[in-house]
Amino acid sequence: MWRLRWTRWATLPLPSHRFSQYTLRKGINHCRQIPKSELKRSAIHSTSKTPPETPEQLSTPKQWTNHHYVPTNPPQRMFLAFGSAILGFLNPERADLVATLGETTGGPALARLKSKMEETHEGRGILKDKPRINSESVPISDLLKLPNNTFGYAYAKFMSSHGYSPDERPPVRHIENNELAYVMQRYREVHDFWHVLCGAPTTVEGEIGQKAFEFLQTGLPMALLSSAVGPLRLSHEERLRMLSGYLPWAYACNTNCTFLMGIRYENYLSEDLSDLRQQLGIIPVSEYVAVSDKKHEKIL
């Protein structure tokens with residue numbers, strides 16, 4: 001019996017020497033293209049947040065580099081876009097899938113965002129300097145010492161109360177153009193600033209309204225997908241409240257406010273939050289939803 005088993009195992013087809021060499025060479029070349037730091041991260045199961053940087057890495061404000069870029073060909077990008085869209089639809093909480101979808105489908109929208117940023121003095125400065133938003137450039141502990149009415153204090157309070165860190169935004173991996181990759185990275189890093197300015201809660205309804213507003217501001221397809229898939233997780237009452245409150249707010253706020261990607265928020269942290277909202281033309285969610293609820297009550 002042992003001889004029979006060994007004979008059957010020995011007769012199984014084995015890969016040719018040429019195939020083994022090709023596979024090994026391809027794997028080695030792929031590993032050479034990935035930074036050592038990324039190899040360590042890839043061994044960890046993907047989560048919605050990237051590990052925070054070490055204090056040594058954050059000793060000075062980080063400058064923008066596109067060293068996380070992973071070369072892909074058109075079929076691979078199409079596969080990534082399709083796969084991330086399907087899996088993101090099934091599990092909207094997977095931020096890594098949403099990020100991949102944004103990078104593989106956002107090319108035209110990012111080019112338009114870059115052109116609009118170039119139209120303003122502040123936007124041109126952002127593209128030139130490429131500032132990063134991290135725990136070094138916006139230290140939460142220092143911002144909490146600002147007066148309670150300031151934008152910086154409200155941002156620090158929002159981040160600390162939810163356990164967020166500005167270092168958690170994932171790096172851009174699938175955009176080759178350095179300028180467009182930075183625009184995408186900047187969009188991710190100002191997301192929490194927009195949350196504070198808009199006053200959108202971190203509930204499902206609030207996130208849907210926030211994503212709808214971001215789609216109107218940026219035109220990124222992944223923001224539209226997030227706002228379209230999110231309502232499927234709501235109850236009937238929550239869906240009605242979102243349709244009558246949050247989505248109309250997103251349209252009204254976008255119509256009234258300025259182009260937010262062209263604002264260097266780091267320079268306004270000591271500004272009064274209400275005054276900054278007024279300067280930018282932002283309508284807080286709470287004010288608009290409260291007004292719409294009162295109108296709804298009068299109609300009933």
Less than 4.5 Å apart, side chain to side chain, heavy atoms only: is that true for [X] and [Y]?
X: Thr202; Y: Tyr164; answer: yes
X: Tyr187; Y: Leu220; answer: yes
X: Arg188; Y: Pro170; answer: yes
X: Leu197; Y: Leu273; answer: yes
X: Ile140; Y: Ser135; answer: no

If you compare all heavy atoms of Tyr246 against all heavy atoms of Pro201, which two are closest, and at what distance to 0.1 Å?
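Looking at all heavy atoms of both residues, the shortest contact is OH-CG, 3.8 Å.
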CA sep, side-chain torsions, deciding dist, call: Asp192, Met159, side-chain contact (heavy atoms from CB on, under 4.5 Å):
CA-CA 8 Å; Asp192 292 317; Met159 299 293 283; 3.6 Å; yes
Donor-acceptor contact below 3.5 Å, side chain [X] vs main chain [Y]:
X: Trp249; Y: Ile283; answer: yes
X: Glu103; Y: His174; answer: yes
X: His68; Y: Val172; answer: no

Please identify each residue that fulfils side-chain contact (heavy atoms from CB on, under 4.5 Å) with [X], with sequence neighbours left out.
X: Pro147; value: Asn149, Thr150
X: Asn148; value: Tyr153
X: Phe193; value: Ile133, Val138, Phe151, Tyr155, Val190, Tyr265, Leu269
X: Gln217; value: Trp194, Phe213, Asn254, Cys257, Phe259, Leu260

Listed partners of Glu179 passing salt bridge (charged side-chain N to carboxylate O under 4.0 Å, His left out), at least two apart
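If we apply the salt bridge (charged side-chain N to carboxylate O under 4.0 Å, His left out) test to Glu179, skipping adjacent residues, the hits are Lys130.
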Please name all residues satisfying salt bridge (charged side-chain N to carboxylate O under 4.0 Å, His left out) with Arg239, sequence neighbours left out, ordered by chain then number.
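So Arg239 forms no salt bridge (charged side-chain N to carboxylate O under 4.0 Å, His left out) with any residue.
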Glu207 and Val204: side-chain contact (heavy atoms from CB on, under 4.5 Å), yes or no, with the steps?
CA-CA 5 Å; Glu207 288 290 350; Val204 177; 5.9 Å; no
With sequence neighbours left out, what residues match [X] under side-chain hydrogen bond (donor to acceptor under 3.5 Å, both in side chains)?
X: Gln278; result: none
X: Asn178; result: Trp64
X: Arg277; result: none
X: Gln185; result: Glu189

Which residue pairs pass the salt bridge (Lys or Arg N to Asp or Glu O under 4.0 Å) test when at least one of the two sits in residues 260-274, sequence neighbours left out?
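Every pair satisfying salt bridge (Lys or Arg N to Asp or Glu O under 4.0 Å) with a residue in residues 260-274: Asp129-Arg264, Arg186-Glu266.
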So Glu205 and Ile208, side-chain contact (heavy atoms from CB on, under 4.5 Å) or not? Walk me through it.
CA-CA 5 Å; Glu205 298 172 63; Ile208 293 171; 5.7 Å; no
Quick check: is Leu216 connected to Met184 through a chain of hydrophobic side chains (ILVMFWY, heavy atoms under 4.5 Å apart)?
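Hydrophobic grouping puts Met184 apart from Leu216.
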Could you see if Phe215 belongs to whatever hydrophobic cluster contains Tyr288? Use Ile, Leu, Val, Met, Phe, Trp, Tyr and a side-chain cutoff under 4.5 Å.
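No: no chain of side-chain contacts under 4.5 Å links Phe215 to Tyr288.
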Hydrogens and angles aside, do Gln210 and His191 bring a side-chain donor and acceptor to less than 3.5 Å of each other?
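Per modelled atom types, Gln210 and His191 side chains form no pair under 3.5 Å.
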Side chain to side chain donor-acceptor pair (under 3.5 Å) contacts in which one or both residues fall within residues 105-123, not counting sequence neighbours
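Applying side chain to side chain donor-acceptor pair (under 3.5 Å) to every pair that reaches into residues 105-123, excluding sequence neighbours, yields Lys114-Glu118, Glu122-Tyr268.
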